[in-house]
Every structure is written in structure tokens, then in C-alpha cells.
Visitor: 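Dumping the structure here so I can ask a few things about it.
Residues take their numbers from the sequence shown, with the count starting at 1. Values reported hereafter were calculated over all heavy atoms of this structure, with side chains retained and with hydrogens, waters and symmetry mates removed.
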Amino acid sequence: MRIFKFGGASVKDADGVRNVLNVLREVGFQDTLVVISAMGKTTNAMESLVAAYFEDKRRISIVIQEIKDYHQGVISELFEDTNHPIYEKVQLLFEEVQGFLAWNKSPKYAFVYDQVVGYGELISTSIVSAYLNQEGLSNKWHDVRELIKTDNSYRDAHVNWERTESEIKSRVDMSQLNITQGFLGSDDNNFTTTLGREGSDYTAAILAYCLNANSVTIWKDVPGVLNADPRNFEETQLLDQISYREAIELAFYGASVIHPKTLQPLQRKEIPLHVKSFVNPLGNGTTVASGKGISPLIPCFIVKKNQVLLKLSTLDFSFIVEDNISEIFKLFHDHRLKVDLIQNSAISFSVCLDNKFGGLQTILEELQQKFKVVCHEDVSLYTIRHFNDDAVKSLQNGKSVLVEQRGKETVQLVVK
């Protein structure tokens, strides 16, 4: 029994949906559960809808119509019969979005975000499921919010594993082809929650863990896991095999091919993860499993852009020690600032942060009361696993290095 995951790029248009059909026919679809993301850049469009709700409600109808037109274009190419039930189902989903925005009273951005953005996945899976049924691949569509139960940490929900496993085992019949969404769950009040951006990979791992799957395959627009993101680095090379430990290291440092939370549940049950190309489904791809650390053993480059570097020093030249550091980290935790790098000396402390939840400005005021604060915004954090001198020099060339940190296997550079 297998779990497949198709991302937004694989279903961005009608040809992409047709290709999902071709992949399933080519590699087989028996005893398979397919996780599908929102189409193309729909999640970004849904985020624009949330922004319109909070900033300019006059734009809501315009943004919804743009999203609707995009999906209607895909549907019209896939279904010649304009009376096909998919037209009505998708229309009802859009009406649900509009209804929520009309009656919602909550002022909390994260809550509204989760209730709205997840419709991208509900719409895409409805279209793909209907198309596969039309083409002879009978399947069962599942609302993943009934399967994955979480707490109410909106935008970054934590899985209730006991309840989730119970729901999945009682609802999913693995003797057939199943289709469901990535990224989503629901809390005790049945409000939608999300597992964080790129959370569809994590969804696949959750389902695999609970169903004791034989494998998970993530279908990408690249041939597998590369030693660098081709969008940021010119020369890249395919990695044939990666151990769980090495893959977790790469994910922790920000490798975009694998979501950081995806690997832990797979490693616990030693479920192999395959990363393969939906353009060439019979290609070897990359396998993440127990065994050899990384093959071939070459430098791996990772970059996180739009980071923040804070340099803190005490006002009275006293040491920065445990009580200072614990207070600083509590601020980071309370304002949801993710720490990516730390470097400290006796009277100074540098930290590279991801400010994706926008808590930076609030904590700066608090920190400035006790510390001298130097803040560098819009910096990039480069990480090289299995580095050599040439790899480091290639990143340093022409860049202003603000912080450099080296370990046995890894070097990190914060550059402006």
C-alpha cells in the first residue's frame, strides 16, 4: 500500500491533471492513497483573499472571481458535459468561502486564514477525483479534515496522533484508490486548521504512519532531491539516496524539497520516501531510507532568504548568560519567531530569525529596553552540508558576510 503526493505544480492546469492520470496508469494505482495540493498558485491567491478581507473588503468579490475563473477554465477543458456534477460541487465550495467571510466575527488573522486558504485543496481534489472517475479510475474522495485531528494552533497546528490514527483507520479503505487533500486538518470544534506551508508532504507522512504504508512518493517537477535548488544555484546534481538522519538535517536547514516535519513519522516506522519526477515517472528519483548517509557524497547548498539577523549586546558590558538567553528565547517563542542560527560571546549574542509571522517589530521594542540591538533585515542564510573550501568560496565571492559558523559537516553564512 502506497501514499502518493502531487504538489500544486503538478496540477496547475488541465494538462497537469491529465498527467496525474497518466502517472497513475504508468506506475499503478491499486492500494494507493493520493494526496493533492491546491492548483498552481491558488494558495497565494487565497492568501490575497484573506488580505482583502482584513484590508479592503471591496476587493473580496474581485479576488474570488479571479480564483473562480481560473478553476472554471481548468474544469471546462476536462469536462465537456457542462451538466457534470463537478460544476455544481465547485460552485458550492466557492459559496462556502463567501458565506464564511460574510458571517465570520473573529478578528484573528490566523483563524480566518485557515478557514479560507484550505478551500484551494478542497477544490483541486474535487476536480481531480471527478476527472479520474470520468476516465475510468474509480476512486473515493475524502475530506482530510475528517481524518487528521489537531489542536487549534491555527496556521501551524499540532497533530493529535491517537485521534488521527483512529479516524484514518476507520474511514480509509485501502483496497481502492483514495483521493484527499494535503495541508489541512480540523480541531475539536471542527474548524479547519493548517499544518504550515508545504504541509502536504507532512500530510502524506501522517497518513503513511497511521496506515503502515509500504512507501510514500512525492511527485515533483524535478528529477528527485538535488544537492541545491535550481532556482537559486546554477549547477545541481541528483542525490540517489539519503538516510533519514541526513534528510532531517537537510530539512532542518531549509531544503525545500522535503518539509521539515515530514520525515519523523516515516523514520519511526522506517517507511521509505521516494522523491520522483511527474514528468518522468519511471525515473529512479531519490530514495530516503535507512542506511547510507548520502550518495553521492557532495556539497549540498541551501538558502533561506528574507531572514533577520539580530545582534544583541548588554548595555553595561555584563555577560549574556543563561537568564538573559532564556528571556530572549521566551520572546522568540511568544512571538513565533523561528531561530535558524545562534552565535554568542561573553557580552554579545547574534541570532538569525525567520519572521514569517510578523512578530519582529513587537519584540524589538522590548529587547531595546535591556540590550543594544542591531537589526539587519532581508539577509540570506546559506548552509552547506559536506562543505569543502571551493564550496565556501563560491558563496563568499562578492557577498558581505555578517556571520560565519562552522561545524564538522556544516558551514553557515549570513550574508547581506
Visitor: Are any non-hydrogen side-chain atoms of Thr203 and Gln181 less than 4.5 angstrom apart?
Guide: no
Visitor: I need the minimum non-hydrogen distance between Ala289 and Pro272, along with the two atoms involved.
Guide: CB-CB, 4.3 Å
Visitor: Would you mind checking if Arg171 and Asp143 are paired as a salt bridge, meaning a charged N to carboxylate O distance below 4.0 Å?
Guide: no
Visitor: Has Arg2 got its NZ or CZ under 6.0 Å from the middle of the six-membered ring of Trp219, at an angle within 45 degrees of the ring axis?
Guide: no
Visitor: Pairs in or reaching into residues 123-158: which pass ring pair (Phe, Tyr, Trp, His ring centres under 6.0 Å), with residues at least two apart or in two chains?
Guide: Phe111-Tyr154
Visitor: Measure from NZ or CZ of Lys57 to the centre of the six-membered ring of Tyr53 and say whether it is under 6.0 Å with the direction within 45° of the ring axis.
Guide: yes
Visitor: Looking only at side chains, do Ser153 and Asp151 share a donor and an acceptor under 3.5 Å apart?
Guide: yes
Visitor: Fit a plane to each ring of Phe332 and Phe329, take the angle between them on a 0 to 90° scale, and name the class: parallel (under 30°), tilted (30 to 60°) or perpendicular (over 60°).
Guide: perpendicular
Visitor: Side chains of Glu365 and Gln361: do they bring a donor and an acceptor to under 3.5 Å?
Guide: no
Visitor: Would you say Tyr119 and Glu96 are linked by a side-chain donor-acceptor pair, where the criterion is simply a distance under 3.5 Å?
Guide: yes
Visitor: Quick check: closest heavy atoms across Lys169 and Cys210, and the distance to 0.1 Å?
Guide: CE-O, 3.0 Å
Visitor: Hey, is Arg406 close enough to Glu404 for a salt bridge, meaning N to O under 4.0 Å?
Guide: yes
Visitor: Is Lys338 close enough and on-axis enough to Phe357, meaning under 6.0 Å and within 45°, for cation-pi?
Guide: no
Visitor: Could you tell me whether Asp389 and Lys393 have a side-chain N and a carboxylate O separated by less than 4.0 Å?
Guide: no
Visitor: Can we say Glu167 and Lys149 salt-bridge, meaning some charged N sits less than 4.0 Å from an Asp/Glu carboxylate O?
Guide: no
Visitor: I'd like to know if the side chain of Ser129 pairs up with that of Asn139 as donor and acceptor (distance under 3.5 Å, no hydrogens or angles considered).
Guide: yes
Visitor: How far apart are the closest heavy atoms of Ala391 and Phe301, and which atoms are they?
Guide: CB-CZ, 3.6 Å
Visitor: Determine, for Asp354 against Lys356, whether the closest basic-nitrogen to carboxylate-oxygen distance falls under 4.0 angstrom.
Guide: no
Visitor: For residues 98-126, which residue pairs qualify under salt bridge (charged side-chain N to carboxylate O under 4.0 Å, His left out), counting only residues two or more places apart or in two chains?
Guide: none
Visitor: Taking all non-hydrogen atoms of both residues, which atom of Pro299 and which atom of Asn388 are closest, and how far apart?
Guide: CG-ND2, 3.6 Å
Visitor: Under 4.0 Å between a Lys/Arg side-chain N and an Asp/Glu carboxylate O for Glu135 and Arg18?
Guide: no
Visitor: Please tell me whether Tyr109 and Phe54 form a close aromatic pair, meaning their ring centres lie under 6.0 Å apart.
Guide: yes
Visitor: What I want to find out is whether Asp201 reaches Lys5 closely enough, with some N-O distance under 4.0 Å, to be called a salt bridge.
Guide: yes
Visitor: Distance alone, cut at 3.5 Å: any donor-acceptor contact between the side chains of Thr150 and Thr193?
Guide: yes
Visitor: Side-chain donor-acceptor pair under 3.5 Å between Gln241 and Ser295, yes or no?
Guide: no
Visitor: For Ser76 and Gly73, work out which heavy atoms get closest and say how close.
Guide: OG-O, 2.9 Å
Visitor: Looking at every heavy atom in both Phe29 and Leu177, which two are closest together, and how far apart are they?
Guide: O-CD1, 3.8 Å
Visitor: Under the ring pair (Phe, Tyr, Trp, His ring centres under 6.0 Å) rule, what pairs show up with a residue in residues 81-102, not counting sequence neighbours?
Guide: Phe79-His84, Phe100-Trp103
Visitor: Which is it for Asp221 and Val279 under the side-chain contact (heavy atoms from CB on, under 4.5 Å) test, yes or no, and what are the steps along the way?
Guide: CA-CA 7 Å; Asp221 55 357; Val279 178; 5.5 Å; no
Visitor: Can a donor-acceptor pair be found between the side chains of Asn22 and Glu26 at a distance below 3.5 Å?
Guide: no
Visitor: With no hydrogens and no angle check, do the side chains of Arg145 and Thr192 hold a donor and an acceptor under 3.5 Å apart?
Guide: yes
Visitor: Scan side-chain atoms only and decide if Lys305 and Asn232 contain a donor-acceptor pair under the 3.5 Å cut-off.
Guide: yes
Visitor: Within this structure, what is the CG-CG distance for the pair Asn133 and Leu137, rounded to the nearest 0.5 Å?
Guide: 8.5 Å
Visitor: Is the closest side-chain donor-acceptor distance between Gln343 and Ser350 under 3.5 Å?
Guide: no
